Each structure stands twice: as C-alpha cells, then as structure tokens.
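Below is one structure; the comments refer to it alone.
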Amino acid sequence: MANKKFQMACEGQVQAVPPVWMMRQAGRYHKHYQGLRSQYSFMELCKKPNLAAEVALGPIQDFDFDVSILFSDLLFPLEALGMGLQYDPAPKLGWHLSESRDFNKMNSFDNAIEALLFQGEAVRETRKILPSDKSLIGFVGSPWTLFVYAVAGSHKESLVEVKKRMSLFTKFAELVTPLMIENIKIQLDAGAEKVMVFDTAAGELSSQDFNYWVAPELKKISHAYPGQLGYYSKNTLPDHLTQLEQTKDWGGFAFDHRWSLVDRFQKSSGFVQGNFDQTLLFQKPEEFEKTFRRYLAPFQMLSAEQRAGWVCGLGHGVLPQTPEENVKNFVKILRESFK
C-alpha cells in the first residue's frame, strides 16, 4: 500500500526514475476539483472525509502522480483554537492575535485536538480509495507560518505587524507546537507515510531570527517523529536551514525554485523534493517542454547514485488556471527522460 519509488527516495536508495508529486496538485486548476467545488463548499470538501478523499484521488487518476496528499488546509488548527475561519474564497479568520490577553480567548488543547480529528478520517478514507501502488502523505503548517496568519491573516508583503508582535510568538508556540505534534500523530496513525511541515512564511525572517525564534520549535516537532517528517520553506537560504539539517531528525527537505537541488543531494538528509518554477507551467506546451527539459538537464548529468533521494516536483504549489496539459506532460517528460 505504497509507492515503491517514493519509498526508495525516502530511504535514499538508488533508482533511475524519481517519483513525482506536486504541492496543491489537488486544487483549483483541476477540472476534477472544479466539478466537486461547484457542488460543495471548500470547507465541506476538507471536512467531509469521503469528499476530501475524492479530491485527493482526482490528480492521481488524471496525472498519475506517485504520491497523493491529504486534502485539507493548514489553517484548521487556528480554527480549532477558536479563532474562527471562513473561505470567501480566500481564508479569513474571525479575529487576529494582537495582544497577550487574546490568548485567553483560545480553546483548550483537548478541545482543539478534538476539532482536528476529521483529518485522520480523511487520511483513512483517502487510503481506502487510492490505488495500492500510490503513497499518501499528510501535512501541517509550521508554528511560525501559523503565527503569521494568526496575527496578520496572510503572509503577504513584509510582515510589519507580525514582527512588531514577535514577543507573542513564544506564548503562541507554547500552545501550537504541542498541537502540531498531536496533529501530526493523528495523520500518521491514520496511515500517512510521511507528514510535510509547510513553512511558507519562513523566508520573511532573516536567517538569524529564523534560527532564534523558529528553528527551536521545528526541532521539537522533528524530534517527536524522527525520519517521518519533511520540511518545506519558501524564500529561505542555506543559512536558514543549517541548524535543522544538522539534527538529522528530518525525513527530507523540499525546496523552492530559488535553490539548486543539484547542490542539495550531498547536504540534506532524507529525500530532496522540488523544485521546478510553478509559473513556468503557464507557458505554451511546446515552450514548456523546452523549458522543462532544460531544467532536467543538470539532473541527467548526475548518476543515479548522485541524485538518490530526489522527489521531483515544483518550487511551490500548482497555481490556479495552470494548464492541465502541462501538468500531464510534466509527469510524462520526467519519466521519459530518466527511464
């Protein structure tokens, strides 16, 4: 009940053809998702396990990815803590964290966990309907990215309001890090093979501040599940990740398109996931093929031993309106190039 190529990548084993999956591979660009979304709200698609499973299955059927991903949203822990959440279509919290006394409005740990159990059911339902040769992973948001949303509602622009309130992060992390650890357990116990920790706001911090504020919380999370978690950060640099890579607890790292993956195979433990620029999928098919083949060329110059652990994907998630034809060709060209 797992994908052999993905398992081999996670174990650092040598193989000719890397597995492939994309963040947001089940989403607004996909006609399968659009059909379901025309009948149900986004919240229903996430919180009704049979619907979440159906959304996650769609890209496996249409594009033959090696890995399926729990269909959910990283902000549900904030809703579970009592901050309210609606999608119209962008996420909007009921209130924002702005001062210490706001913590008094948050729900207890036990109540918050109870509100996240639907994710375990969604994992189980997804595993039931997935082909047996496909892997299934879960995901959570990092404490830092959740803090950014809790304070500002998004991570756009320069996070001035968030950084003005950095003193609140310690208390926030005391609540959220244990919640994330238990949230991950829910997904692993339900059948997720790995759980990704997504940190899309990480690169808005200097490496010094990242390692002071954020890395200690991430170490607590990775230490709870050695080898079972992957970490993705956006807009980061090598100095951001040095401490995390040194722990050897992580099962793998995913990188955005600003990194050279060729340089990461010898430096990162576990799998190395990424990192084609997702915006290039908007090119006309013939131009996209040229661009993608040029991207793959440095990997083809490596031996299979040198690129062991590679999980091919995008630098970030599939964007709305991305042409499905290019997504399909991405998988096809990748496999043809390395067979």
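Bear in mind the structure is a predicted one, so any value in this text is a computation, not a measurement. The figures here come from the full heavy-atom set of this structure, side chains too, leaving out hydrogens, waters and symmetry mates.
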Give a yes or no on whether Arg124 atom CZ has more than 12 heavy-atom contacts from other residues, nucleotides or ligands under 6.0 Å away. yes

Contact check, side chains of Val176 and Leu81, non-hydrogen atoms, under 4.5 Å: yes

Could you tell me if Asp277 and Thr279 have a donor-acceptor pair between their side chains, going purely by distance under 3.5 Å? yes

Shortest non-hydrogen pair, Pro131 vs Ile60, comes out as CD-CG2, 4.2 Å

Kindly say whether the aromatic ring centers of Trp21 and Phe65 come within a distance under 6.0 Å. no

Look only at the side chain of Trp213 and the backbone of Thr170, and say whether a donor-acceptor pair between them is shorter than 3.5 Å. no

Under 3.5 Å side-chain donor-acceptor pair for His316 and Tyr232: yes

Can Arg37 and Glu44 be counted as an ion pair, charged N to O under 4.0 angstrom? no

Under a 3.5 Å cutoff, is there a donor and acceptor pairing between the side chains of Gln15 and Lys4? no

Using 30° and 60° as the class boundaries, would you call the ring planes of Phe330 and Phe288 parallel, tilted or perpendicular? parallel

The single option from Phe139, Tyr40, Phe42 that satisfies ring-ring contact (aromatic ring centres under 6.0 Å, His included) with Phe71 is Phe42

With side chains defined as the heavy atoms from C-beta onward, is the minimum distance between Val140 and Leu74 less than 4.5 Å? no

Looking at CG of Leu159 and CG of Leu205, how far apart are the two atoms once the value is rounded to the nearest 0.5 Å? 7.5 Å

Do Glu324 and Phe63 make a side-chain contact, defined as non-hydrogen atoms from C-beta onward lying under 4.5 Å apart? yes

Least distance between heavy atoms, Tyr231 atom then Ala202 atom: OH-CB, 3.9 Å

Suppose we call two aromatic rings close when their centres sit under 6.0 Å apart. Are Tyr149 and His96 close by that rule? no

Measure up the Phe103 and Phe172 rings against each other and bin them: parallel (under 30°), tilted (30 to 60°), perpendicular (over 60°). tilted

Report the distance from atom SG of Cys312 to atom CG of Leu334, rounding to the nearest 0.5 Å. 4.5 Å

Can you check whether Phe338 reaches Leu296 side chain to side chain, under 4.5 Å on heavy atoms? yes

Quick check against the 3.5 Å criterion: does Thr145 have a side-chain atom that pairs as donor or acceptor with the backbone of Thr200? yes

N/O donor-acceptor pair under 3.5 Å between Trp95 side chain and Gly82 backbone: yes

Would you check if the side chain of His30 reaches a backbone N or O of Val55 as a donor-acceptor pair within less than 3.5 Å? no

Can you confirm whether or not the ring centre of Phe76 sits under 6.0 Å from the ring centre of Phe118? yes

Checking side chain to side chain contact (heavy atoms under 4.5 Å, CB included) for the pair Gln25/Ile69: CA distance, chi angles, key distance, verdict? CA-CA 8 Å; Gln25 64 189 30; Ile69 308 167; 4.0 Å; yes

In terms of side-chain geometry, is the basic nitrogen of Lys284 or Glu289 positioned less than 4.0 Å from the acidic oxygen of its partner? no

Begin from the C-alpha positions of Ser68 and Leu57 and carry the test side chain to side chain contact (heavy atoms under 4.5 Å, CB included) through to its verdict. CA-CA 7 Å; Ser68 182; Leu57 177 65; over 6 Å; no

Any side-chain donor-acceptor pair under 3.5 Å between Asn275 and Tyr295? yes

Do Val214 and Asp199 touch side chain to side chain, with heavy atoms closer than 4.5 Å? yes

Check step by step if side chain to side chain contact (heavy atoms under 4.5 Å, CB included) holds for Lys194 and Leu229. CA-CA 6 Å; Lys194 302 284 183 184; Leu229 308 182; over 6 Å; no

So does Arg264 pair up with Glu245, basic N to acidic O under 4.0 Å? yes

If we ignore hydrogens and angles and just use 3.5 Å, is the side chain of Gln39 paired with the main-chain N or O of Gly35 as donor and acceptor? yes

Donor-acceptor contact below 3.5 Å, side chain Thr242 vs main chain Pro238: yes

Could you check whether Gln119 and Asn183, counting side-chain N and O atoms only, form a donor-acceptor pair closer than 3.5 Å? yes

Show, in sequence, the C-alpha distance, side-chain angles and deciding distance for Ser303 and Gln306, and conclude whether the side chain to side chain contact (heavy atoms under 4.5 Å, CB included) test is met. CA-CA 5 Å; Ser303 66; Gln306 289 173 316; 3.2 Å; yes

Mind checking the NZ-CZ spacing from Lys134 to Arg127? Nearest 0.5 Å is all I need. 10.5 Å

For a 4.5 angstrom cut-off between non-hydrogen side-chain atoms, does Gln228 reach Leu188? yes

Charged N to carboxylate O under 4.0 angstrom, Asp62 versus Lys31? no

Kindly say whether Asn111 contributes a backbone atom to a donor-acceptor pair with the side chain of Ser108 at under 3.5 angstrom? yes

Would you mind checking if Lys328 and Glu325 are paired as a salt bridge, meaning a charged N to carboxylate O distance below 4.0 Å? no

Verify whether one side chain among Thr291 and Gln283 offers a donor that lies under 3.5 Å from an acceptor in the other. yes

So that I can tick it off, tell me whether Glu286 and Lys290 are bridged by a salt bridge, with the cut-off set at under 4.0 angstrom between side-chain N and carboxylate O. no

Distance-only donor-acceptor check, side chains Ser98 and Asp102, under 3.5 Å: yes

Using side-chain heavy atoms (C-beta onward) and a distance below 4.5 Å, is Val195 in contact with Tyr225? no

Surrounding OH of Tyr87 (heavy atoms of other residues, nucleotides or ligands, distance under 6.0 Å), is the total greater than 12? yes

Are side-chain N/O atoms of Asn3 and Ser135 paired as donor and acceptor at under 3.5 Å? no

Do Trp144 and Phe169 come close enough that some side-chain heavy atom pair is under 4.5 Å? yes

Separation of Gln246 CD from Lys219 NZ (nearest 0.5 Å): 7.5 Å

Calculate, to the nearest 0.5 Å, the distance between atoms CG and CG belonging to Asn211 and Asp239 respectively. 8.0 Å

Distance, nearest 0.5 Å, that separates CZ of Arg24 from CE of Met22: 13.5 Å

Charged N to carboxylate O below 4.0 Å: is that the case for Glu336 and Lys332? yes

Within one Ile-Leu-Val-Met-Phe-Trp-Tyr cluster: Phe299 and Val14, side-chain cutoff 4.5 Å: no

Residues Lys5 and Asp66 bridged, charged N to O under 4.0 Å: yes

